[in-house]
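Here's the structure we're looking at; comments come further down.
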Protein chains: 2
Amino acid sequence: MKIDPDSPEELSAQIARAIRAAIMDGSLKVDERLPSEAELAESFGVSRPTVREALKRLAAQSLIRTQRGASGGAFVARQSYAQAREQLITTSTLLLSMNGVDFATACEARYALERACVPLAAARRSADHLAAMRAEIARQSTAGLSDEAFCASDVAFHRALVDAAGNPILSYQLAGAVEAMQPLMNMITFTARSRERIWALHGRIADAIEARDAAEADRGLADLAAYTAELGADVMAARAARRVNRHTEGA
Amino acid sequence: MKIDPDSPEELSAQIARAIRAAIMDGSLKVDERLPSEAELAESFGVSRPTVREALKRLAAQSLIRTQRGASGGAFVARQSYAQAREQLITTSTLLLSMNGVDFATACEARYALERACVPLAAARRSADHLAAMRAEIARQSTAGLSDEAFCASDVAFHRALVDAAGNPILSYQLAGAVEAMQPLMNMITFTARSRERIWALHGRIADAIEARDAAEADRGLADLAAYTAELGADVMAARAARRVNRHTEGA
DNA sequence: CGATTTTCATTTGTCAGACAATTAAAAGTC
DNA sequence: GACTTTTAATTGTCTGACAAATGAAAATCG
């Protein structure tokens, strides 16, 4: 663990990198206690505030957790699926919104990923997963639901579908992708007609999963992907038209 | 942007959360400059070191970048695919290693995700992607390659396959998943025989992608998944056997 | 002696103030 | 006008201090 005071890189960043490397290569194990801030400061030859900045960097990635008091300190944190999902959602959401990823690309990615776990879901789905999917379908078919609530239920349905695959890695990766797309999905205003079509497709997919018919579920998901892309394209076209109008009026 | 000094949550964490929320909901746009540390300290009613800890938390997630000097400060950073990938790899790697995710589960997730982009890759692959895949196959078939180098080439091959799908979201998500698995893959020692089988399968997949035959590429990938799982199972069985031996000798 | 309370030492959280390093803009100079 | 110098703003780092939390040891009491 060496740092270079003459490097242009900030000292706190160097220290964070050194400790992160130690965690990732296993030199520091889960729940192991790091030296106290004062000890770290001395061993790195920097002041305590600098060490603290480094530790906050690591805390932001939930690589460590800290505890006050005697026998307190910084401990290597076990990476939980929940935390990892949060991080992934934050990163993915910003990646989509800041880079102007178009709806079609995001949609394509989302459904491609989701279709990856359909075979597993068909093979392994439990009654609980099916019940969760049915519950969301029921909610989606109730009248007077706001667009946000409809979207949230849509996410929950797909989450249940992914969880049915019974692979936590897939759940973690796909939950991130699906949730990150929610802001994009929220741009769509769902008519009663389009909602009906969507929950009908959801029903078809749930039926297929229940029947352990992966091929049929895949076809249902493909249809849903196509229909979602179509809805998105309509919204984008309408927006583009409005922009042209404004521009024409202004000129 | 309000913070509560009486909350058990650290002030720097609250401040980071407030600013993060402002970035994610669009109140702070890309490249926009945040107030100076002194101004933030005053407006939040805390000291400058506390503000700095909050900013380091955000910097660790690459939500902001800072610049020294007059007209310097903290700026909202555009989330790049490269940065997002780094984060995803760090998180996923630790998630796998710290939670004792078994080889079979990780392998299943990886190949499920990869198969999701085979249809797109078959449809859109360019000559460049094919060339990249062929180059890695050539490397894999050279003699005297270390296990690490073989694994790295394997990752590069799959990376090219994923990139061929032409969807940056998929590339980002899958690159993370594939690279995070590398430590697990490195536990396998590849015999000349298994290497030959692997690069032969790679060749079959590349041929299918070149011929735009998604079904054949999918079959190749499925075979590769099965073979990889088999190799992993052998390694795990051997390990388990060694453990039992040690235990028996000890008793 | 055992249980309870008190004290205490350790460690993180926060603050105040200072100085160094960097950098862009303003002022000065030729 | 082009170049150099100065200056002001801003982050990076340090020092020293105190508050708050917390577990362990010491003291007290039944």
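Just so it is clear: chains get the letters A, B, ... in the order the sequence lines come, proteins before strands, and each one is counted from 1. Owing to the predicted nature of the structure, the values given are computational and were not obtained by experimental measurement.
Ion pairing between a basic and an acidic side chain is recognised when a charged N comes within 4.0 Å of a carboxylate O; R17(B) and E9(B) show such pairing. Ion pairing of R110(B) with E114(B) is present here, as a side-chain N (NZ or NE/NH1/NH2) and a carboxylate O approach within less than 4.0 Å. Ion pairing of R124(A) with E108(B) is present here, as a side-chain N (NZ or NE/NH1/NH2) and a carboxylate O approach within less than 4.0 Å. Using a 4.0 Å cut-off between charged side-chain N and carboxylate O, R65(A) and D31(A) make a salt bridge. A salt bridge links E136(A) and R139(A); the closest N-O separation between the charged side-chain nitrogens and carboxylate oxygens is under 4.0 Å. Comment: E53(B) does not engage R57(A) in a salt bridge, judged by the lack of any side-chain N to carboxylate O separation of less than 4.0 angstrom.
Ranking dA9(C), dT12(C), dT15(D) by closeness to the S47(A) side chain, first place goes to dT15(D). Ranking dT22(D), dT14(C), dG12(D) by closeness to the E53(B) side chain, first place goes to dT14(C). The side chain of T50(B) sits closest to dC15(C) out of dT12(C), dC15(C), dT13(D).
Nucleotide dG12(D) holds its P atom 14 Å from the CD1 atom of I15(A), rounded to whole Å. Protein atom CG of D6(B) is 10 Å distant from nucleotide atom P of dA21(D), rounded to whole Å. Rounded to whole Å, atom P of dG12(D) lies 6 Å from atom CZ of R68(B). As a whole-Å value, the separation of Q14(B) CD from dG13(C) C1' is 12 Å. Taking atom CD of residue E42(A) and atom P of nucleotide dT10(C), one finds them 15 Å apart after rounding to whole Å. Going from atom CZ of R65(B) over to atom C1' of dT10(D) covers 15 Å, rounded to whole Å. For the pair L55(A) CG and dT11(C) C1', the interatomic distance rounds to 12 Å; values are reported in whole Å. Between the P atom of dT10(C) and the CZ atom of F75(A) lies a distance of 16 Å, rounded to the nearest Å.
The phosphate of dT12(C) has neither OP1 nor OP2 within less than 4.0 Å of any side-chain N or O from R52(A). One finds no side-chain N or O of T66(A) lying less than 4.0 angstrom from the OP1 or OP2 phosphate oxygen of dT11(C).
Looking at which nucleotide of DNA chain C each of A70(A) and K56(A) is closest to, the 5′-most match is held by A70(A).
Aromatic ring orientation, F190(A) versus F150(A): tilted (interplanar angle from 30° to 60°).
With hydrogens and angles ignored, a donor-acceptor pair under 3.5 angstrom links the side chain of R48(B) to the base of dG12(D).
The stretch residues 30-40 of chain B has no heavy atom under 4.0 Å from DNA chain C, so no residue of it qualifies as close.
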